[in-house]
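Here the structure comes first, spelled out in structure tokens, and everything after it is commentary.
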Amino acid sequence: MSNRLAYLGIGLYSVPEVARLTGVSAPRIRRWLGGYRYLRDGAEHRSEPLWRPQIPPFDHDINLGFRDLAEVRVIGALVAQGIGLVTIRRALQQARDLIGDERPFSSARFRTDGRRIFVEITGDAEEPLLLDVARRQHLFHSVVKPSFRDLDMDDEGAVRWWPLGHGRHVVLDPARAFGQPIVDAGGVPTVVLADAVAAEGSLPLVARLYDVPEAAVRAAVRFQEGQADEP
């Protein structure tokens, strides 16, 4: 437990956990954060990680912090829109240089000034999809900007995520339970509440047992049911 305490306030997630939370596949996350080797013209090449995770690797696998998770969400949304990794890598590096943050897509400045920055950093992209300014603005407003709606920010960047929306009970906060999904009232992990409802067969009883509002228990169950559908 003492080693885990070092990550209080940072968050601590395995690759499968981030995959379930973001909908980005675990193999893809490992390629993004661990790099990979590939063959081209008969020679082996290495693609370096997109960024260095907040948490050092242990248990023979990559581990992520909360800001890493927030970054995966944005990049996953861009990839889902058909943006290639070469363009994303270039945009990340340019944004990193401009903003001065290792994880620029989840930074406070990107949230407040992101449209201009996004259009600027993708202006020299080789992909025709991004060459049109109107298209780049559309991508920001329809893909990147929505990722900030359910995030709380401080002066540095993302600090809290409300995956069901603000005020809807379930929160991921790296300062609480190492960033695992909990209900805001009482801090009980959503998986504990959902398992208790399944075992007891009564949502009101579980609310009384854990001294949390019934609405919070209901939200926890809904959240966990959604997680079961993720990769």
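These numbers come from the heavy atoms of this one structure, side chains and all, not from hydrogens, waters or symmetry mates. All of these numbers come straight from a predicted model, not from anything done at the bench.
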Q.
When you group the ILVMFWY residues by side-chain heavy-atom contacts below 4.5 Å and let the links chain together, are Tyr13 and Val170 in the same group?
A. yes
Q: State plainly whether one hydrophobic cluster holds both Leu164 and Val183, where clusters connect Ile, Leu, Val, Met, Phe, Trp and Tyr through side-chain heavy atoms under 4.5 angstrom apart.
A: no
Q.
Out of the candidates Ile29, Leu92, Val24, Thr22, only one should pair with Ile75 under the side chain to side chain contact (heavy atoms under 4.5 Å, CB included) rule; please name it.
A. Leu92
Q. Do you know which of Glu156, Met153, Arg67 makes side chain to side chain contact (heavy atoms under 4.5 Å, CB included) with Ser107?
A. Arg67
Could you give the distance from [atom1] ([X]) to [atom2] ([Y]), rounded to the nearest 0.5 Å?
| X | Y | atom1 | atom2 | result |
| --- | --- | --- | --- | --- |
| Phe178 | Ile55 | CZ | CD1 | 10.5 Å |
| Phe110 | Phe148 | CZ | CZ | 6.0 Å |
| Asp184 | Ile182 | CG | CD1 | 6.5 Å |
| Asn63 | Leu33 | CG | CG | 10.5 Å |
| Arg31 | Tyr36 | CZ | OH | 4.5 Å |
| Ile62 | Arg30 | CD1 | CZ | 7.0 Å |

Salt-bridge present ([X], [Y]; N to O < 4.0 Å):
| X | Y | answer |
| --- | --- | --- |
| Glu44 | Arg37 | yes |
| Arg73 | Asp150 | yes |
| Arg96 | Asp101 | no |
| Arg46 | Glu48 | yes |

Q. Does Gln224 reach the main-chain N or O of Ala194 with its side chain, forming a donor-acceptor pair under 3.5 Å?
A. no
Q: Return yes if some donor-acceptor pair links the side-chain N/O of Asp97 with the main-chain N/O of Gln94 below 3.5 Å, else return no.
A: no
Q. Just wondering, more than 12 heavy atoms not from Arg111 lying within 6.0 Å of its CZ?
A. yes
Q: Answer yes or no: does atom CG of Asp211 have more than 12 heavy-atom neighbours from other residues, nucleotides or ligands under 6.0 Å?
A: no
Taking the side chain as every heavy atom from C-beta outward, state whether [X] and [Y] have any pair of such atoms under 4.5 Å apart.
| X | Y | value |
| --- | --- | --- |
| Leu151 | Trp162 | no |
| Val79 | Trp32 | yes |
| Phe66 | Trp161 | yes |
| Gln54 | Leu64 | no |
| Glu17 | Leu69 | no |

Q: Please work out which of the three classes, parallel, tilted or perpendicular, describes the rings of Tyr38 and His45, given edges at 30° and 60°.
A: parallel
Q | Which atom of His169 lies closest to which atom of Ala219, heavy atoms considered | A | CB-CB, 3.8 Å
Q. Run the side-chain contact (heavy atoms from CB on, under 4.5 Å) check on Leu203 and Glu214 step by step: do they pass?
A. CA-CA 7 Å; Leu203 190 149; Glu214 288 187 24; 3.8 Å; yes
(Q) If you apply the rule side-chain contact (heavy atoms from CB on, under 4.5 Å), what do you find for Leu193 with Val221, and how did you get there? (A) CA-CA 7 Å; Leu193 293 173; Val221 171; 5.9 Å; no
Q.
Is a donor from one side chain sitting under 3.5 angstrom from an acceptor on the other, for Asp68 and Trp51?
A. yes
